[in-house]
Amino acid sequence: MSTFPAELTCRSDCAGGLHVLLLLAEHLDVHGSPINYGRRRALFTTRPRFIDPQTWLDLHMRPRAAPALDARHAQRWIFQTLTGSPLRLAHPAIAPATRSQHGQHQRFRWRILPTDHELLHHTARTLLDEHGIDEPVQCSPQLPARALRHLVLPRPASTDRVRNRRDRPAHRTHCIASKRDHRVAVDTPLQRT
């Protein structure tokens, strides 16, 4: 399970984020997901390679501002995009083995250039087509703009961490429930250091 909901409940300025999760759950209740992630995980989780490393490296031989010569970043991006799974479940050939490698991949995702994204998205689409899967590469639910109009995004946690730690209760429980089956309950013990 992701730690994201737990992180949201630990911050007093994340009510908007919790509200968006509820809206997404309700959207899935009404419309469902266009992606069968179970089928995708069965097909792609054990795969050690999604893109030819030389193709990736050739792309990066052109002058660019942010070269990413490690083709495993491309493999990881495609794995996560296709399966929706955390990288720790990927084939060992592409799963990050260290915290440093995981951080490098996160930076790659944050700094991905449009040409990189296009190549990776095209590769993912080709893989789905090869398996006869007529689904979007990624699911991006469209929530009504009026529901997000007053959304306030929190500041980075690092600016609040020390100042707010003394004022928090020792435990918080939050339940986010939609009309049907999409429920997230988080019981979060807060760590004090």
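The residues of the chain are indexed from 1 along the displayed sequence. Bear in mind that the values here come from a model prediction, so they are computed numbers and not experimental data.
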Salt bridge (Lys or Arg N to Asp or Glu O under 4.0 Å) against Arg109, all qualifying residues, sequence neighbours excluded: none
Residues in side-chain contact (heavy atoms from CB on, under 4.5 Å) contact with Leu119, at least two apart in sequence or another chain: Ile51, Trp56, Leu59, Thr123
side-chain contact (heavy atoms from CB on, under 4.5 Å) involving Ser100 - partner list, sequence neighbours excluded: Thr98, Gln104
From Arg76 atom CZ to His91 atom NE2, the distance as rounded to the nearest 0.5 Å: 13.0 Å
Partners passing side-chain contact (heavy atoms from CB on, under 4.5 Å) against Ala97 (at least two apart in sequence or in another chain): Gln101
By side-chain contact (heavy atoms from CB on, under 4.5 Å) - contacts of His102 (at least two apart): Leu87, Pro96, Gln106
Residue pair Thr83 / Tyr37: nearest heavy atoms and the distance that separates them: O-CD2, 3.3 Å
Full working for side chain to side chain contact (heavy atoms under 4.5 Å, CB included) between Leu127 and Arg47: CA-CA 12 Å; Leu127 289 166; Arg47 192 175 179 140; 3.3 Å; yes
Pairs where residues 133-146 contributes a residue and the test salt bridge (Lys or Arg N to Asp or Glu O under 4.0 Å) is met, not counting sequence neighbours: Arg39-Glu135, Arg40-Glu135
Exercise: identify the closest heavy-atom pair between Cys139 and Pro34: SG-CD, 3.6 Å
Those residues that, when tested against Arg41, pass side-chain hydrogen bond (donor to acceptor under 3.5 Å, both in side chains) (two or more places apart): Ser85
Leu128 versus Val137, closest heavy-atom pair with distance: CD1-CA, 4.0 Å
Interatomic distance, Phe108 atom CZ to Arg72 atom CZ [nearest 0.5 angstrom]: 12.5 Å
Exceeds 12 heavy-atom contacts within 6.0 angstrom, atom CD of Gln142: no
Interatomic distance, Ile94 atom CD1 to His73 atom NE2 [nearest 0.5 angstrom]: 12.5 Å
side-chain hydrogen bond (donor to acceptor under 3.5 Å, both in side chains) partners for Asn36, two or more places apart: none
Heavy-atom side-chain contact between Ile35 and Pro136 under 4.5 Å: yes
Whether Phe44 and His131 hold their rings parallel, tilted or perpendicular, with breakpoints at 30° and 60°: perpendicular
Residue list, ring-ring contact (aromatic ring centres under 6.0 Å, His included) with His117, at least two apart or on another chain: Trp77, His121
Verdict with reasoning, His31 to Glu26, per side chain to side chain contact (heavy atoms under 4.5 Å, CB included): CA-CA 9 Å; His31 303 286; Glu26 287 178 352; over 6 Å; no
Whether Gln75 side chain and Arg49 backbone form a donor-acceptor pair below 3.5 Å: no
Path from Leu24 to Leu148 over hydrophobic side-chain contacts below 4.5 Å: yes
Common cluster, Leu82/Leu43, ILVMFWY with side-chain heavy-atom separation under 4.5 Å: yes
Distance, nearest 0.5 Å, that separates CG of Leu113 from CG of Leu120: 10.5 Å
Sequence-distant partners of Gln54, side-chain hydrogen bond (donor to acceptor under 3.5 Å, both in side chains), two or more places apart: Asp58
